[in-house]
Structures are given as structure tokens and as C-alpha cells.
Amino acid sequence: MKDAILGMSGTDWALLGAGLAAVLGGIGSAIGITTASSTASGILSEDGSKFGKLLPLAAMPGTQGIYGFITAVLVVIFFNILGGKVDLPAAIGFKVFLACLPVAFLALVSAIYQGMTGAAAAGIVAADQPAPALIFPALVETYAVLALIVTILMLLGLQSAAQAL
Amino acid sequence: MRPPLLKAVKDSIRYGYAVGRVRALEARVLRDAAYERLVDAPTFAEQLRILSDTAYGQYLEGAQTADDVERGLERALESVYGLVAELGLPESMTRFFRVRHDFANLRARLKADVLGASVERDLSPLGTVPIEVVTGAVRELPEPLRRVAAEALDALAALDADAERRGTEVSTLAKLETVDRVVERAEYAELASLARASKSDFLGEYVALSVDLANVKRVIRAKRRGAALAEVEPSLLDGGRVPRTRLAAAYALPLEELAERLASEHALRGVQAEDLLALDRLDVATDALAVRMMRAGRAVPLGAEPVVAYVLAREAEVRQLRVLLIGKLAGLGTEELRARLRKVYVGRG
């Protein structure tokens with residue numbers, strides 16, 4: 001009998017999880033960067049001297065895309081898919097898929113909100129206020145980092161389980 | 001209905017650039033202190049010196065007469081509308097700001113026709129329709145101005161026909177009021193329609209507040225001069241948060257109670273009954289509500305609100321400067337000018 005869940009093999013599930021993390025993280029980052037960059041561009045078109053302070057605000061939502069990418073790479077490495085192993089048990093593969101979800105969804109949502117927070121914080125820079133504008137979008141980052149940590153811990157556990165088989 | 005996150009994403013991308021530019025420009029909006037200095041300035045020349053370091057310096061340089069001030073402030077406002085055109089806002093929103101000048105021009109032209117006077121010099125070049133078109137043949141006017149002008153002319157003809165039947169004559173004042181009523185009603189209907197087309201709730205709320213303020217001023221002034229309800233009711237505008245029926249019902253009350261009733265309306269919260277009763281404070285008090293709305297719009301991080309609030313604030317700034325500069329030229333004293341000082345977009349209280 002074929003080892004599958006909902007018609008998908010373990011490797012299929014693992015790749016789906018890895019792909020989702022990379023894709024959703026990338027989408028979130030693209031939207032977040034677009035949002036923050038639009039506002040930053042508006043400010044820069046009036047005052048080019050603020051580029052240095054606005055760049056980090058616009059770039060910060062890009063980290064979620066990196067977290068998604070790291071997750072995808074870890075799945076590929078931890079479960080030796082890079083080495084050509086394509087027979088991961090379905091139960092393990094499905095769990096790998098589940099382990100990827102925290103990063104996939106948190107990266108998508110937090111990058112979008114971080115872009116909005118960055119756009120709002122750009123107003124602080126525009127108004128020449130001494131308050132550190134970077135702090136507020138950085139607070140949003142916290143939850144994407146926590147999701148990445150959770151995903152990595154789960155993947156490490158599943159890697160041990162897979163090696164024990 | 002779109003999920004809130006999707007709407008927020010769409011709005012932030014659509015208005016992000018515009019909000020950024022406005023955030024940078026907000027730093028140049030005149031603050032309370034600048035207005036105080038303008039009020040306290042001993043001469044008009046000193047006022048110009050104070051403004052020379054602001055965005056208005058280039059437009060008012062060398063101004064000597066009230067006409068120079070008008071033209072200078074017109075150019076300053078033109079630059080604001082020019083900015084709006086560059087921001088990539090929805091067409092209906094860009095049009096919203098200029099179309100009010102079209103209606104003001106049409107009203108001036110129709111009134112001039114009634115009075116048999118010349119009007120070109122008093123028309124604003126800030127509208128969407130060139131002045132020569134506004135002053136030309138009614139059939140050549142673009143919509144909706146042609147429809148409104150025809151409606152006003154029909155209303156004037158009906159007034160004349162009615163008077164002829166009665167064997168009386170229509171007063172010039174009645175004719176001018178008819179023009180005002182027809183044009184104003186059409187203007188607010190057009191503004192509400194543009195606000196809906198722009199899909200900006202904030203713009204819609206601004207139109208509703210403007211209607212409420214116009215109705216409140218009309219009701220208070222009519223009550224003060226002892227006009228009958230039948231005379232006032234047709235001139236009340238639709239589209240406000242305070243329904244016309246409620247205004248009409250309150251009109252039966254004595255003036256003081258009417259002011260109390262209006263001040264207790266949720267849409268007008270913040271305005272005091274005594275301000276509505278004081279002739280010299282009525283405009284300032286009602287303008288303060290509009291400023292409060294602009295400040296609320298400014299506090300929105302992303303969306304149409306900060307952009308709309310900025311443009312409205314610059315318009316209010318021009319109105320305020322007109323009062324202070326032309327008031328000084330006309331010889332008004334410091335206290336008289338201070339009494340006409342409105343709350344400002346960026347400031348305390």
C-alpha cells in the first residue's frame with residue numbers, strides 16, 4: 001500500500017510546507033516593502049536628505065521573506081531532499097508541513113503590518129522628530145522571529161524522528 | 001465588504017506615496033505661533049516679512065493691496081491643487097477640491113446677471129472650468145454647471161411669473177437668494193457624489209459636516225432675523241447628519257433653546273450654544289469643528305484621510321491668511337483680528 005496522506009507522499013508534504021513558507025513570506029515582504037517604500041518615496045520627493053533614516057524602515061519587512069527562505073532551505077537540508085532522498089514517510093512529511101505553517105502565516109501577516117507600521121513611522125522622520133522611528137516596526141518583527149524559532153525547533157525534532165526510523 | 005486587512009493593504013499602496021509627500025509638507029504648515037505673530041504684527045509690511053520665510057513668501061512678495069493679497073493667495077492655493085494632481089489620487093478626489101470653485105464662479109456669474117454687473121474680476125481661476133467659459137453662454141457650460149444654471153434660470157423665471165400673477169415685483173434680494181439656494185444645493189449634491197466615487201469615507205463625512213454647518217448657520221441667522229419656518233425650510237440642504245426634519249422641528253423653539261438643541265446634536269459635539277448665539281463667533285465656532293475633523297484625519301497613519309485633511313487644511317490656512325492680511329490692510333486692530341483667528345490644523349487645543 002502506498003504511504004500517503006490525502007494522496008500526497010511525505011516528501012510532497014514536506015516540499016509543500018517549505019514552498020508555502022518561502023512563497024507566503026515572500027508575498028508578505030513584497031507587500032510590506034511596497035507599502036513602506038511608497039510613503040518613504042513620497043517623503044524623499046520633498047526631502048532627499050532623509051534617505052538614510054527611511055531606508056531601514058522600508059527594508060525591514062524584507063526579513064520575513066528571508067525567514068520563509070531559511071525555513072524552506074532547512075526543510076530541504078534536514079530531510080536530505082537536497083541529497084536526493086524522496087521517500088520521506090507520509091506521517092513525518094505531513095508533520096514537516098505543519099511545522100512550516102507558523103513561519104508561513106506569521107511571515108505573511110507580520111510583513112504586511114510591519115510595512116504599514118514602517119509607513120506610519122516614516123511620518124516621524126518626515127516631521128524631524130527626535131524619537132527613534134525604527135522601534136515601532138521592530139516590535140512587529142518580534143513575532144515573525146518567534147514563529148521562525150518555533151518552526152526551527154519543530155523541524156529539529158522531526159529531523160531526529162526521521163533519522164531514528 | 002472587503003476584509004479590513006485587504007482594504008488596509010489596498011489603501012496603503014494606493015495612498016502611500018501621497019501620504020509620504022503630505023507628511024513632509026506638513027512640517028511647513030503654519031503653526032499657532034505664526035498666526036499669533038501675524039496678529040501682533042504692527043503693520044502689513046511686518047506681516048509680509050513674517051510670511052517671507054514660509055511657503056507664502058514667494059506668492060506675496062511685493063504685495064501692497066488687498067487685490068495683490070488675493071492674487072498671491074490664489075497662486076498659493078493653485079500650487080496646492082497642482083500637488084494634488086501629482087499625487088495619483090482618484091480623479092473624483094482631485095476634482096472634489098476644484099469643483100467648489102466652479103460652483104462659486106457660477107454663483108457669482110448668475111448673481112452678476114441678476115444685478116446686471118460685470119463679474120470677470122471676481123471669479124477664481126482655481127476651478128476646472130475656465131473663467132471665459134463660466135461667463136459665456138449657458139448652453140456652452142459643461143455638466144453639471146449647465147444643468148444647475150438652467151435650473152437657477154428656471155427658478156428665477158418662475159419667481160417673475162409668480163410675481164406677475166400677483167401683480168407685485170420680485171426683490172433683487174429674493175432673486176439672489178434663489179440663485180444661492182439652487183447653486184448651493186447642486187454643489188453639495190455634486191460634492192457628495194464625488195466623495196462616494198472616491199470611496200473615501202472621510203471625504204463623505206466632511207461633506208456631511210459641511211452640510212450640517214451650513215444648515216446650522218442658516219437656521220440660527222434666520223431665527224435671529226425672525227424669519228418664518230416656511231421661508232427657511234426650502235433653503236436647508238440634504239445630506240447632513242442632522243436631518244432637515246429635525247432642524248425644522250427645532251426651529252419652533254426660542255433662539256436660545258434652538259442654539260442649545262443644535263449644540264447637543266452628536267454631529268456638532270464640541271460647539272457651544274453661546275458661540276452659536278454670538279454673531280462674531282458663529283463662523284469661528286463652526287470652522288473649529290471642521291478643523292477638529294482635519295486633525296483627526298491627519299492622525300490616520302495611511303489612507304486618503306491625511307491627504308484630504310492636508311489639502312483642506314491648506315485651504316483653511318489661505319482663508320485665515322486672507323482675513324489677517326486684508327484685515328490689517330483695512331486697519332483692523334490686534335484684538336479684532338484675534339477674534340477672527342480660527343483653530344489651526346497643527347496646534348494645541
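Chain letters run A, B, ... following the sequence lines, proteins first, then strands; residues in each count from 1.
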*asked:* So which atom in A/A120 and which in B/P301 form the shortest heavy-atom distance, rounded to 0.1 Å?
replied: CB-CB, 3.5 Å
*Can you find a heavy atom in the side chain of B/R21 that is under 4.5 Å from one in the side chain of A/I43?*
no
*B/E61, CD atom: more than 12 neighbouring heavy atoms under 6.0 Å*: no
*Between CG of A/D47 and CZ of B/R23, what distance do you get to the nearest 0.5 Å?*
15.5 Å
*Might you point out which heavy atoms bring B/Y17 and A/S45 nearest each other, and give the distance in Å?*
OH-OG, 3.5 Å
*Does OH belonging to B/Y81 count more than 12 external heavy atoms closer than 6.0 Å?*
yes
*Which atom names give the shortest non-hydrogen contact between B/L302 and A/A119, and what distance separates them?*
CD1-CB, 3.6 Å
*asked:* Within this structure, what is the CD-CD distance for the pair B/E26 and A/E46, rounded to the nearest 0.5 Å?
replied: 11.5 Å
